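This report refers to the structure that appears directly beneath it.
Model, not experiment: these values are computed from the prediction.
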Amino acid sequence: METKYVFVTGGVVSGLGKGITAASLGRLLKNRGYKVANQKFDPYINVDPGTMSPYEHGEVFVTEDGAETDLDLGHYERFTDENLSKNSSVTTGRIYQEVIEKERKGDYLGKTVQVIPHITNAIKNKVYSLGKNDVDVVITEIGGTVGDIESLPFLEAIRQVGLENKPEDVIYIHVTLLPYISGSNELKSKPTQHSVKELQSIGIKPDILVCRTEIPITASIRNKIALFCNVRPENVIANLTASNLYEVPLMLEKEGLAVEVCKHLELDKVEANNEKWAEMIKHFKEVDSKYKKQEEKKVNIAIVGKYVKLEDSYLSVIESVKHAGYKNGVGVNIKLIDSEKITSQNVEEILKDFDGVIVPGGFGNRGIEGKIETIKYVRENKIPFLGICLGMQMAVIEFARNVLKYNDANSVEFDENTAHPVIHIMENQKNITKKGGTMRLGAYPCVLKQGSYARKIYGEEKISERHRHRYEFNNDYREEIEKAGLKISGTSPNGNLVEIVELEEENHPFFVAGQFHPEFKSRPDRPSPLFVELVKKCI
């Protein structure tokens with residue numbers, strides 16, 4: 001079978017759920033037996049989101065092969081349960097960087113390098129590269145909004161893909177907004193009409209419209225949109241706001257999105273096998289319903305970080321806690337707490353009502369003292385604690401300061417002259433000064449110590465988790481830290497890199513911290529074991 005190409009664009013406003021639409025379609029096609037690969041094109045000029053503040057674009061999601069990507073790839077992976085790669089995340093910066101490098105090497109044989117064809121060809125190559133891996137359907141989301149100057153080369157490239165392939169091998173889906181005017185009690189289709197007109201003016205005729213709406217679409221509105229936007233009424237798909245994010249695939253199934261895509265792409269497996277997904281959603285709703293009625297007390301979990309003004313900064317962590325809550329059949333109340341505001345004087349007042357605490361990853365020294373005070377409090381008061389990446393490093397620093405009594409213990413990231421650098425740069429990285437691309441990124445194996453709590457949680461000896469960090473545990477302190485009670489329960493296969501530290505179960509109900517990011521591999525139907533155990537201990 002020829003690879004089929006689906007392009008998802010957005011109009012009217014940003015944040016309509018293009019990523020969720022693309023991820024949901026991926027799940028629905030996978031449930032029909034097709035091999036699917038999702039891809040995101042971002043119009044910003046950064047080479048990748050790795051050096052961007054989480055306030056700019058939310059969290060940086062890391063793939064198995066170590067690409068720092070847009071958070072939408074997290075949605076794709078959670079919905080489709082397919083591991084994506086660096087080819088699934090492409091920015092304007094990356095495209096221009098590759099083209100300029102080729103030009104410098106003389107690959108264009110002296111020709112004038114232009115947006116068309118050189119930039120657009122580079123973009124098309126990214127689309128086609130995903131189709132080479134025995135993939136049946138490539139779903140590509142174009143970031144930004146139609147009409148933005150930044151996304152024009154991407155739109156031109158996907159227009160060309162439509163010309164280069166058979167009509168039945170390419171489909172364009174446009175996600176738009178139908179604003180609800182409460183005063184007149186009606187949905188307005190004019191912004192959608194303008195958005196489609198803008199798309200058509202650059203040569204792309206959308207085949208399906210996915211309309212984000214707060215209230216159901218009436219037949220008359222559907223017919224009006226179809227008439228003015230030159231699509232069939234059955235290809236006007238309502239996308240209502242869902243009570244649970246993972247319900248969206250089933251809602252879009254009911255609206256007929258996947259069936260219409262199959263018809264257009266001449267895919268013969270039209271019948272879906274959504275039973276498992278439907279069972280999962282039923283369970284989620286039962287849990288939500290039970291706790292909505294306040295029949296039982298919710299588990300309260302604090303995420304103590306420094307990017308708390310934007311929830312998307314910790315999106316995968318939040319989703320992983322929710323997955324773990326559903327797995328344990330318990331409602332979870334998650335609160336983001338600014339670590340900059342925590343001191344030794346107020347830590348008890350801030351954290352006393354929480355059943356569990358997570359200290360997530362991050363960079364830079366802002367707010368680290370608050371994280372250390374948080375970890376001291378949960379260690380001494382036996383509150384379930386999960387440390388992630390920087391959270392693991394803070395756990396080591398806290399232990400060195402308050403148990404080993406090395407008052408100035410620190411990471412060389414924050415104090416190059418500390419007398420006790422319990423976290424440091426590995427020898428092979430000492431001469432690296434530039435910020436981008438100098439980290440341990442992507443999946444690395446970890447061996448779990450026999451008899452450790454981590455081994456019990458994972459139920460296997462060897463695991464693989466994704467990393468995104470530059471600094472490591474300093475092995476010079478390994479022996480005395482373990483002797484004092486903070487056990488090293490996970491290491492790299494050669495034993496050189498410390499991956500997990502923990503307090504033994506008899507000394508603390510749950511105190512585990514990993515140098516990796518377990519949230520990146522958590523799935524709604526297969527949650528991360530560390531989050532599941534954390535929530536279980538909170539109950």
Side-chain angles (χ1 to χ4, degrees), residues 2-12 14 18 22 37-49 67 69-70 72 85-132 135 137-176 194-209 229-230 264-265:
E2 292 283 324
T3 302
K4 309 284 186 175
Y5 298 96
V6 178
F7 295 106
V8 180
T9 56
V12 186
S14 59
K18 291 193 306 293
N38 282 78
Q39 182 179 52
K40 172 84 185 278
F41 284 155
D42 270 304
Y44 49 75
I45 297 173
N46 303 63
V47 174
D48 60 45
T69 74
D70 182 78
D72 271 320
S85 70
K86 62 184 178 186
N87 288 330
S88 293
S89 180
V90 182
T91 67
T92 293
R94 189 167 155 205
I95 292 291
Y96 272 83
Q97 185 183 53
E98 287 180 11
V99 169
I100 289 167
E101 281 173 1
K102 280 186 172 183
E103 184 272 333
R104 294 287 83 187
K105 285 192 291 183
D107 288 3
Y108 298 119
L109 305 176
K111 286 190 180 298
T112 304
V113 178
Q114 297 176 289
V115 173
I116 302 170
H118 302 99
I119 296 297
T120 50
N121 282 352
I123 294 168
K124 287 188 293 183
N125 287 342
K126 298 295 182 191
V127 177
Y128 291 136
S129 69
L130 274 197
K132 289 173 184 171
V135 171
V137 184
V138 174
I139 302 172
T140 302
E141 175 195 348
I142 310 298
T145 308
V146 170
D148 295 346
I149 192 168
E150 291 96 338
S151 55
L152 276 173
F154 291 110
L155 294 171
E156 169 58 23
I158 68 171
R159 180 191 73 79
Q160 292 177 22
V161 172
L163 281 178
E164 291 168 4
N165 293 272
K166 298 173 190 166
E168 64 271 20
D169 287 345
V170 180
I171 187 169
Y172 299 99
I173 298 173
H174 192 51
V175 181
T176 76
H194 280 300
S195 180
V196 170
K197 187 179 177 184
E198 183 86 37
L199 197 57
Q200 288 174 331
S201 72
I202 51 180
I204 296 172
K205 176 194 174 297
D207 303 291
I208 292 177
L209 298 179
C229 296
N230 197 26
H264 181 98
L265 296 177

Using 0.5 Å steps for rounding, measure from the [atom1] atom of [X] to the [atom2] atom of [Y].
X: E150; Y: L155; atom1: CD; atom2: CG; result: 11.5 Å
X: K4; Y: L265; atom1: NZ; atom2: CG; result: 6.0 Å
X: E156; Y: I119; atom1: CD; atom2: CD1; result: 12.5 Å
X: D48; Y: D70; atom1: CG; atom2: CG; result: 11.0 Å
X: I204; Y: L199; atom1: CD1; atom2: CG; result: 5.0 Å
X: N121; Y: Q160; atom1: CG; atom2: CD; result: 6.5 Å

List the atom of [X], the atom of [Y], and the distance in Å for their closest heavy-atom pair.
X: S195; Y: V146; value: O-CG1, 4.2 Å
X: Q200; Y: N230; value: NE2-CB, 4.0 Å
X: V47; Y: T91; value: O-OG1, 2.8 Å
X: L209; Y: C229; value: CD1-CB, 3.8 Å
X: K86; Y: R94; value: O-NH1, 2.8 Å
X: D42; Y: G143; value: OD1-CA, 4.4 Å

Q: Decide yes or no on side chain to side chain contact (heavy atoms under 4.5 Å, CB included) for H264 and I208, but give the supporting numbers first.
A: CA-CA 10 Å; H264 181 98; I208 292 177; over 6 Å; no
Are more than 12 heavy atoms, taken from residues, nucleotides or ligands other than [X], located less than 6.0 Å from that residue's [atom1] atom?
X: E2; atom1: CD; result: no
X: K205; atom1: NZ; result: yes
X: I149; atom1: CD1; result: no
X: K124; atom1: NZ; result: yes
X: I202; atom1: CD1; result: yes

**Q.** Whether Y128 and Y5 hold their rings parallel, tilted or perpendicular, with breakpoints at 30° and 60°
**A.** perpendicular
So, does [X] use its side chain to make a donor-acceptor pair with the main chain of [Y] at under 3.5 Å?
X: E141; Y: D72; result: no
X: S88; Y: N38; result: yes
X: Q39; Y: N87; result: yes
X: T92; Y: P43; result: yes
X: K18; Y: G144; result: yes
X: S89; Y: T69; result: no

Q: Could you walk me through whether L163 and R159 pass the side chain to side chain contact (heavy atoms under 4.5 Å, CB included) test, one step at a time?
A: CA-CA 7 Å; L163 281 178; R159 180 191 73 79; 3.5 Å; yes
Q.
If the test is side-chain contact (heavy atoms from CB on, under 4.5 Å), which one of V138, V137, T140, I139 qualifies with L130?
A. V138
Q. In chain order, what residues pass the ring-ring contact (aromatic ring centres under 6.0 Å, His included) check against Y96, with sequence neighbours excluded?
A. none
Q) Any salt bridge between R104 and E101, counting N to O under 4.0 Å? A) no
Q: Could you tell me whether K102 and E98 have a side-chain N and a carboxylate O separated by less than 4.0 Å?
A: no
Q: Begin with the C-alpha distance, continue with both residues' side-chain angles, and end with the deciding distance and a verdict on side chain to side chain contact (heavy atoms under 4.5 Å, CB included) for I171 and D207.
A: CA-CA 6 Å; I171 187 169; D207 303 291; 3.6 Å; yes
Q. For F7, which of F154, F41, Y172 qualifies under ring pair (Phe, Tyr, Trp, His ring centres under 6.0 Å)?
A. Y172
Q: Would you check if T9 and I158 make a side-chain contact, meaning some heavy-atom pair closer than 4.5 Å?
A: yes
